[in-house]
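Each remark here refers to the structure printed beneath this line.
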Amino acid sequence: MSDLPRKAVTRTAKLAALPLGIAGRATWGLGKRIVGESADLVGRELQQRTAEQLFKVLGELKGGAMKFGQALSVFESALPEEVAGPYRAALTKLQDAAPPMPTRTVHAVLEERIGADWQELFLEFEDKPAAAASIGQVHRAVWHDGREVAVKVQYPGAGEALLSDLGQLSRFARLLGPLIPGMDIKPLIAELRDRVSEELDYGLEAQAQQAHAEEFEGDPDVVVPAVVHQCEQVLVTEWMEGIPLSEVIADGSQEQRDRAGQLLTRFLFSGPARTGLLHADPHPGNFRLLPDEKSGWRLGVLDFGTVDRLPGGLPSPIGDALRLTIEGEAEAVYEMLRTEGFVKESIDLDPDAVLDYLHPIIEPVRADEFTFARGWMRSQAARIADPRSPAHQLGKQLNLPPSYLLIHRVTLSTIGVLCQLGATVRMRDELEEWLPGFLAEEEEGESAAEA
């Protein structure tokens, strides 16, 4: 029997408490306004209380609710500071921790999946989990050959819980939406549902992680732990020390922030080019900073349960569109967006207005280096969320093709983490190196000749 709270009635009741709580607080807020309190102050307090309840429930439930919370947490930078500040700590907790699975359950899974003699595979095994996340938890151990390893054990019933939670959350998407201005919550939940079966399959995860480990072996910038053993519901990989990115965000030095931001950007764009896979879960709990004698710091990457398969690397139209936008080629950009399905055939837009919409978003790419900040992220969110804004009106008419959905979310999530870091990054350098189409063909030829 699983210790993950997964009975439909129990989980539904916990999730159903979210909109009921929101409705109750809205009534409380109306009462406060009737007696003369500032609407702004009441609104902030409502949002803070809603967030506190949301993250408490998501953390308790793990499963799909926890996964949604992790996905949502990287967009914390888009929130107004007076709202984000009070519950930033609650968001950070979601990125690294959840209530642990009891030892008896862990042992039962290992015995069922590996065999009654599972303990013989380990010289040491720590029953207390080193980390816990949405569908499993990690135990530190020593493999029989002496290697330190991380043993990821999937929660029994995790698949059922994931699908149930995300189904429930999709019903409440409209109520949760105001927490992140300018972001449509429902497609995020739908896309998370689409990835559930892959993330539950530790065989697929092992393949993706090993492909990265082999490609990045000996890399001066990125470290990926090798896979040691895999079977259903259990994945054993090499252990990796390092400073969690959440700690760097909380109190890292500027040097650490800048280095982490540059390497995170490099990994985002180089990974698909080098492996044909896009790591699609870029929340801070999945990254570490590792001390390195030569470069100062390297980036450790964990958790390959969610990947986008891109055999040819990132699609070249992304690079083409960015380059043409920087060059101010409004008609060419508009035509490309139409061809790729970002503008439906039934919609007519002004190409110059589309260019005006895109220019602020690509600001980090236009400069040689750019300092990401929460204030910048908030300004972008506010511009797109404000119903009175031309950007809002135009954005509503754009479409996001399914083939670009995960790429779009990963890119936005990475930018959210960069803003949390407050990192100064040379993003343009990484695009020139790794993004097909970003350099004009003659420039690409010159770069290849120089190499």
Side-chain angles (χ1 to χ4, degrees), residues 2-4 62-63 67 96 98 100-159 162 195-219 222-242 244 271 274-277 279-281 285-288 290 298-307 309:
S2 169
D3 293 277
L4 181 66
K62 304 179 185 176
K67 176 57 63 180
D96 271 323
M101 189 172 19
T103 299
R104 66 180 183 278
T105 307
V106 175
H107 289 189
V109 172
L110 292 172
E111 183 173 335
E112 180 182 353
R113 298 305 178 189
I114 297 179
D117 58 350
W118 67 269
Q119 289 174 311
E120 294 180 11
L121 291 175
F122 301 95
L123 298 179
E124 297 176 21
F125 186 91
E126 295 184 9
D127 286 332
K128 182 180 179 181
S134 53
I135 66 168
Q137 64 189 37
V138 177
H139 293 259
R140 190 168 187 168
V142 179
W143 195 240
H144 58 80
D145 62 5
R147 280 182 290 177
E148 284 195 90
V149 293
V151 184
K152 183 149 74 168
V153 182
Q154 192 173 116
Y155 303 128
L162 275 164
R195 298 289 160 175
V196 163
S197 59
E198 285 192 18
E199 188 159 1
L200 290 166
D201 188 336
Y202 280 2
L204 288 175
E205 179 172 352
Q207 291 172 21
Q209 181 157 341
Q210 190 59 26
H212 280 84
E214 292 172 4
E215 173 59 36
F216 285 93
E217 185 177 2
D219 190 272
V222 175
V223 181
V224 178
V227 175
V228 176
H229 178 81
Q230 183 272 320
C231 59
E232 190 177 354
Q233 291 188 307
V234 179
L235 176 61
V236 183
T237 64
E238 292 178 344
W239 181 265
M240 186 170 65
E241 290 286 359
R274 296 174 63 173
T275 67
L277 300 167
H279 183 287
D281 195 8
N286 287 338
F287 299 97
R288 302 283 186 270
L290 286 64
R298 291 200 290 172
L299 183 73
V301 185
L302 303 168
D303 198 339
F304 291 81
T306 307
V307 297
R309 286 165 176 79

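Being a predicted model, the structure only gives us computed values, none of them experimental.
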### Criterion ring pair (Phe, Tyr, Trp, His ring centres under 6.0 Å) on F122 and H139, from CA distance to verdict
CA-CA 12 Å; F122 301 95; H139 293 259; 10.0 Å; no
#### Entry: Sequence-distant partners of D219, side chain to side chain contact (heavy atoms under 4.5 Å, CB included), two or more places apart
F216, D221, V222, R274
### Message
For L123, give me all partners under side chain to side chain contact (heavy atoms under 4.5 Å, CB included), at least two apart in sequence or on another chain.
### Response
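Counting only residues at least two positions away or on another chain, L123 forms a side chain to side chain contact (heavy atoms under 4.5 Å, CB included) with V142.
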### Query
Can you name the salt bridge (Lys or Arg N to Asp or Glu O under 4.0 Å) partners of D117, sequence neighbours left out?
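None.
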### Task
Determine which pairs satisfy salt bridge (Lys or Arg N to Asp or Glu O under 4.0 Å) with at least one residue from residues 139-153, sequence neighbours left out, and list them in order.
R140-E148, R140-E241, D145-R147, R147-E238, K152-E205, K152-D303
Shortest non-hydrogen contact between [X] and [Y], atoms and distance:
X	Y	result
V153	Y202	C-OH, 4.1 Å
P156	T105	CG-CG2, 3.8 Å
A213	P225	CB-O, 3.8 Å
H279	V301	CD2-CG1, 3.7 Å
A280	V307	CB-CA, 4.1 Å

### Query
Got a sec, which residues hit ring pair (Phe, Tyr, Trp, His ring centres under 6.0 Å) with W239, two or more places apart in sequence or on another chain?
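None.
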Within the structure provided, determine whether [X] and [Y] are in side-chain contact (heavy-atom separation under 4.5 Å).
X	Y	answer
H107	D127	yes
V149	H229	no
F304	V224	yes
L204	R309	yes
F287	L302	no

Using 0.5 Å steps for rounding, measure from the [atom1] atom of [X] to the [atom2] atom of [Y].
X	Y	atom1	atom2	answer
F125	W143	CZ	CH2	10.5 Å
Q119	H144	CD	NE2	14.5 Å
H212	E214	NE2	CD	11.5 Å
E199	D281	CD	CG	6.0 Å
L200	Q154	CG	CD	5.0 Å
L277	T306	CG	OG1	12.0 Å

### Message
Just to verify, what does Q233 make a side chain to side chain donor-acceptor pair (under 3.5 Å) with, not counting sequence neighbours?
### Response
R113
